[in-house]
Amino acid sequence: MNKEIKQKFIAICDEKIAKKGENVGLSFYAFFKNKNDNPKLLLEVATWWIETHQLNHFEKAVKIKKMITESK
């Protein structure tokens, strides 16, 4: 994933954790608007989430943030 989407992941994870606590779960859809305005990016993130890392539909935001920050 590119640097921009990684930064977006981190920001959204931080936001969700701040609002709902360390146990908050999210899916890769949390990083997109309801409108599919960037299908290529959605597919890239879905591939990273589902194929590359074999994550469940919902994962802890702290886990996702850690995965993203460690991959820099």
Side-chain angles (χ1 to χ4, degrees):
M1 288 190 295
N2 67 40
K3 185 177 180 178
E4 183 179 311
I5 192 65
K6 286 181 179 183
Q7 290 173 338
K8 184 176 182 177
F9 263 52
I10 292 167
I12 290 173
C13 286
D14 285 343
E15 176 187 330
K16 298 289 185 182
I17 293 166
K19 286 182 180 177
K20 298 188 177 188
E22 298 260 328
N23 281 329
V24 67
L26 45 83
S27 75
F28 66 86
Y29 292 114
F31 305 100
F32 297 93
K33 301 174 188 172
N34 279 342
K35 184 178 177 186
N36 186 5
D37 59 354
N38 191 340
K40 184 177 178 183
L41 183 58
L42 179 62
L43 184 57
E44 180 182 347
V45 172
T47 300
W48 180 89
W49 192 285
I50 297 166
E51 288 184 2
T52 305
H53 296 287
Q54 299 179 349
L55 299 172
N56 291 324
H57 183 74
F58 281 94
E59 291 288 349
K60 302 288 184 200
V62 291
K63 176 181 178 178
I64 299 302
K65 181 180 176 183
K66 183 178 178 183
M67 290 174 71
I68 295 293
T69 55
E70 289 178 350
S71 71
K72 286 187 175 181

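What you see below is based on every heavy atom in this structure, not just the backbone, and it leaves out hydrogens, waters and symmetry mates.
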Closest non-hydrogen atoms of L26 and K16, given as atom of the first, atom of the second and distance, are CD2-CG, 3.9 Å
Can you hop from I50 to L55 via hydrophobic side chains spaced under 4.5 Å? yes
Students should find that the hydrophobic cluster of V24, defined by side-chain heavy atoms under 4.5 Å apart, otherwise consists of I17, V62
Note: F58 and S27 closest approach over all heavy atoms is CD2-N, 3.9 Å
Correct closest heavy-atom pair for L42 and F28 would be CD1-CE1, 3.9 Å
In this structure, CD1 of I10 is separated from CD of E15 (nearest 0.5 Å) by 14.0 Å
**Prompt:** Would you call the rings of Y29 and H57 parallel, tilted or perpendicular, where under 30° means parallel and over 60° means perpendicular?
**Reply:** tilted
The side chain to side chain contact (heavy atoms under 4.5 Å, CB included) partners of L41 (sequence neighbours excluded) come to I5, F32, N38, E44, V45
dist F9:CZ -> S71:OG (nearest 0.5 Å) comes out at 10.0 Å
d(I68 CD1, Q7 CD) to nearest 0.5 Å is 11.0 Å
Nearest heavy-atom contact between C13 and A61 is SG-O, 3.5 Å
NZ (K8) and CG (N2) are apart, to the nearest 0.5 Å, by 10.5 Å
Subject >> Derivation and outcome, side-chain contact (heavy atoms from CB on, under 4.5 Å), residues E59 and N56 >> reply: CA-CA 6 Å; E59 291 288 349; N56 291 324; 3.4 Å; yes
